[in-house]
> 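Before we start, here is the structure in question, set down as structure tokens.
We use all heavy atoms of the structure for the numbers below, so side chains are in, but hydrogens, waters and symmetry mates are not. Letters A, B, ... are given to chains in the order of the sequence lines, protein chains preceding strands, and every chain is numbered from 1.
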There are 2 protein chains.
Amino acid sequence: MERSERGERILEVAGELLVAWGYGRVTIDEIARRAKVGKGTVYLHWKTKDALLLTVVLKAKTRALQRHLARMRADPLEVLPSRMMGAYYGDFLAEPVLRALYTDDVDVLGRLNDSSKKEFAELVALGDRVLCRHLEALREHGLMYEDTDVRHQQYALLATATGFFTAEALLFDRAPDTPEIRGGIFAESLRRMLETTPSYDAAAAAAPEIIALYEEFEARSAEEMRRQLRN
Amino acid sequence: MERSERGERILEVAGELLVAWGYGRVTIDEIARRAKVGKGTVYLHWKTKDALLLTVVLKAKTRALQRHLARMRADPLEVLPSRMMGAYYGDFLAEPVLRALYTDDVDVLGRLNDSSKKEFAELVALGDRVLCRHLEALREHGLMYEDTDVRHQQYALLATATGFFTAEALLFDRAPDTPEIRGGIFAESLRRMLETTPSYDAAAAAAPEIIALYEEFEARSAEEMRRQLRN
DNA sequence: TTCGTGACCAGATTCGAAATCTGGTCACGG
DNA sequence: CCGTGACCAGATTTCGAATCTGGTCACGAA
């Protein structure tokens with residue numbers, strides 16, 4: 001049995017348990033039992049329980065990021081905030097761990113949020129820079145309005161995204177029926193808020209730089225996940 | 001000493017205490033002591049502790065609503081979502097009770113949120129209808145885009161507002177400096193998202209109906225506050 | 001008679017110490 | 001040499017006793 005294969009199974013089980021039980025109730029014993037390994041084996045892979053569960057979350061985020069990259073490579077128009085976030089929205093709601101992260105919040109993730117804030121502060125800062133550069137690239141190619149400070153556009157984007165994710169839990173009883181429709185409203189809102197008339201050629205010109213930005217972010221995420229391992 | 005004056009002082013003290021201590025730590029004894037009345041006197045005014053604190057919140061909301069009405073009466077352009085919410089944003093952040101309601105949430109308000117959800121379900125539903133009619137009126141006067149379902153516009157508005165309020169606490173470390181700037185970004189976002197080129201005349205034509213809607217809401221709120229009293 | 005009050009009660013909440021559980025280690029065995 | 005589970009210290013839970021708090025109401029002042 002391969003070491004990495006074993007690690008994958010532990011991660012998988014940990015993810016299921018995290019969603020089903022929530023951070024506080026997940027135990028390393030139960031993870032080991034379900035993954036059919038000894039408890040000590042878990043600690044051969046990750047430094048601590050937090051490191052393991054942080055990896056679960058980071059992995060889920062990375063999967064969404066990879067799908068995002070694939071979409072951008074296949075269709076340059078996916079670099080537009082509306083397209084990017086609309087698709088992200090669907091991915092996030094479909095990924096149970098991330099859905100929990102954005103809707104149930106405290107109950108499921110417990111202090112994992114605080115933990116990750118400290119542990120990943122650097123990564124979050126990089127994410128901020130990446131998004132800002134992304135928007136700047138779009139502006140340079142005439143795909144976004146330039147009559148506003150890019151920092152303000154970034155804040156508007158983040159705040160609006162926060163709103164649509166939070167609304168998922170907060171307004172669930174007065175929201176339009178399907179996630180697809182809500183995602184559509186989200187995308188349309190961002191388009192009107194930020195984007196000029198889309199141009200395929202401009203998007204194709206901007207895409208390489210933007211893709212490179214997210215590839216760097218992906219690499220940095222992978223590095224961060226490695227940093228959570230024992231060796 | 002007037003009965004209503006006494007009630008006002010109790011409300012005021014209760015508000016201060018609610019913000020300073022949070023729902024769980026506020027006691028009727030302490031409210032009575034600070035308001036210099038007997039404990040039983042508090043119960044001559046309100047049915048329960050929850051009724052009292054619910055009234056504190058409702059009163060704060062009503063004050064913001066009244067300022068909103070005054071602004072609309074003074075300047076018809078204030079009926080535009082961007083203008084309305086931009087000013088609301090400032091008011092809400094300046095009103096400690098409401099600021100707590102939208103930023104600290106659980107810690108300060110405790111189970112008051114759930115309590116109000118049940119108690120004020122009807123009022124919330126009316127608020128929903130009022131907002132929807134408000135948007136419909138704007139559309140009829142050509143002040144908002146009509147190429148989208150009004151329900152979807154309402155959801156976008158609510159989700160975005162939720163986002164900017166939540167972001168106030170969630171993104172505090174990476175947000176633009178002043179509340180005024182953040183309020184400006186919020187307003188500008190809504191304008192681009194929902195509004196056509198503003199016309200004073202169209203706004204003036206739409207204003208009376210819209211003002212009437214919120215006056216009805218204000219009346220209904222006052223009625224609800226009365227319903228929390230003993231007699 | 002009317003209005004305000006605080007002593008009082010039941011039930012909720014808190015406290016604290018004992019009992020249990022869990023993250024993390026490491027000596028052992030396959 | 002790699003995987004393991006018994007083991008330990010410290011964290012968490014339990015649960016009954018002690019305390020606190022929302023709400024009442026008999027009483028007394030006006």
Side-chain angles (χ1 to χ4, degrees), chain A residues 1-11 13-14 17-18 20-57 106-112 114-116 118-119 227-231, chain B residues 1-11 13-14 17-18 20-57 106-112 114-116 118-119 227-231:
Chain A
M1 180 180 306
E2 197 58 43
R3 179 190 165 101
S4 71
E5 182 196 331
R6 196 173 278 205
E8 286 302 320
R9 212 176 54 234
I10 293 172
L11 269 183
V13 166
L17 229 41
L18 179 61
W21 291 8
Y23 176 87
R25 285 169 287 272
V26 172
T27 65
I28 297 287
D29 277 295
E30 184 64 20
I31 292 173
R33 172 153 51 254
R34 293 202 187 189
K36 294 202 188 2
V37 296
K39 183 177 164 182
T41 306
V42 173
Y43 285 94
L44 289 180
H45 288 255
W46 287 275
K47 281 206 278 274
T48 64
K49 177 187 178 184
D50 277 18
L52 167 59
L53 294 180
L54 243 28
T55 302
V56 168
V57 173
V106 183
D107 256 353
V108 174
L109 274 294
R111 72 165 219 277
L112 208 55
D114 311 328
S115 201
S116 72
K118 282 162 198 161
E119 199 66 28
R227 228 168 57 79
Q228 302 298 322
L229 301 178
R230 178 157 297 276
N231 293 324
Chain B
M1 183 180 306
E2 197 57 44
R3 180 189 166 102
S4 71
E5 180 196 332
R6 198 173 276 208
E8 287 302 320
R9 211 175 55 232
I10 292 173
L11 269 181
V13 166
L17 230 41
L18 180 62
W21 291 10
Y23 176 86
R25 284 169 287 273
V26 172
T27 65
I28 297 288
D29 277 294
E30 183 64 18
I31 291 173
R33 174 153 47 253
R34 293 202 185 190
K36 295 200 184 5
V37 296
K39 184 177 164 180
T41 306
V42 173
Y43 286 94
L44 289 181
H45 288 255
W46 287 274
K47 280 207 278 275
T48 65
K49 176 186 179 183
D50 277 18
L52 167 59
L53 294 180
L54 242 29
T55 303
V56 167
V57 173
V106 184
D107 253 354
V108 174
L109 273 295
R111 72 165 219 277
L112 209 55
D114 310 329
S115 201
S116 73
K118 282 162 198 158
E119 198 66 27
R227 226 169 56 80
Q228 303 298 323
L229 300 179
R230 177 158 298 277
N231 291 325

> From the list D/dT4, C/dG23, C/dG4, which nucleotide is the closest neighbour of the side chain of A/Val37?
D/dT4
> Take atom CG of B/Asp29 and atom P of C/dA7, then tell me their distance rounded to the nearest Å.
10 Å
> Quick one: label B/Lys49 by what it contacts on the DNA or RNA (base, sugar-phosphate, nothing), any heavy atom closer than 4.0 Å.
sugar-phosphate
> Report yes or no: is the cationic atom of A/Lys49 (NZ for Lys, CZ for Arg) closer than 6.0 Å to the six-membered ring centre of A/Tyr43, at no more than 45° off its axis?
no
> Which one, C/dG4, D/dG3, C/dA7, comes nearest to the side chain of A/Leu44?
D/dG3
> May I have the distance from A/Glu30 (atom CD) to C/dG24 (atom P), rounded to whole angstrom?
17 Å
> Without decimals, in angstroms, what is the distance between A/Lys39 NZ and C/dT25 P?
11 Å
> Does C/dT5 have its OP1 or OP2 closer than 4.0 Å to a side-chain nitrogen or oxygen of B/Thr41?
yes
> Could you tell me whether the phosphate oxygens of D/dT13, OP1 or OP2, come under 4.0 Å of any side-chain nitrogen or oxygen in A/Arg25?
no
> So, are B/Glu30 and B/Arg25 salt-bridged, with charged N and O less than 4.0 Å apart?
no
> Could you tell me whether the side chain of A/Thr41 and the main chain of A/Val37 form a donor-acceptor pair under 3.5 Å?
no
> Counting only N and O atoms by type, is there a donor-acceptor contact under 3.5 Å from the side chain of A/Arg34 to the main-chain atoms of A/Val13?
no
> Roughly how many Å is it from CG in B/Asp50 to P in D/dT21, rounded to a whole number?
16 Å
> Can you measure A/Tyr23 atom OH to D/dA11 atom P for me and round it to whole angstrom units?
13 Å
> At less than 4.0 Å, is any side-chain N or O atom of A/Arg6 found next to OP1 or OP2 of D/dT4? Yes or no.
yes
> Within the side chain of A/Lys39, is there an N or O that forms a donor-acceptor pair under 3.5 Å with the backbone of A/Ile31?
no
> Measure CH2/A/Trp46 against P/C/dG23 and give the value in whole Å, please.
15 Å
> Looking only at the side chain of A/Thr27 (C-beta and beyond, no hydrogens), which of the listed nucleotides C/dT5, C/dT22, D/dT4 gets closest?
C/dT22
> Over all strands shown, is A/Val26 touching base, sugar-phosphate only, or nothing at heavy-atom distances under 4.0 angstrom?
sugar-phosphate
> What is the separation between atom CD1 on B/Ile31 and atom P on C/dG4, rounded to the nearest whole Å?
18 Å
> Among D/dG22, D/dA6, C/dG4, which is the nearest nucleotide to the side chain of B/Ile28?
D/dG22
> Measure the distance from NE2 on A/His45 to P on C/dG23 and round it to the nearest whole Å.
17 Å
> Of all the choices, C/dG24, C/dT5, D/dG23, which nucleotide is nearest to the side chain of A/Tyr43 once you look at every atom?
C/dG24
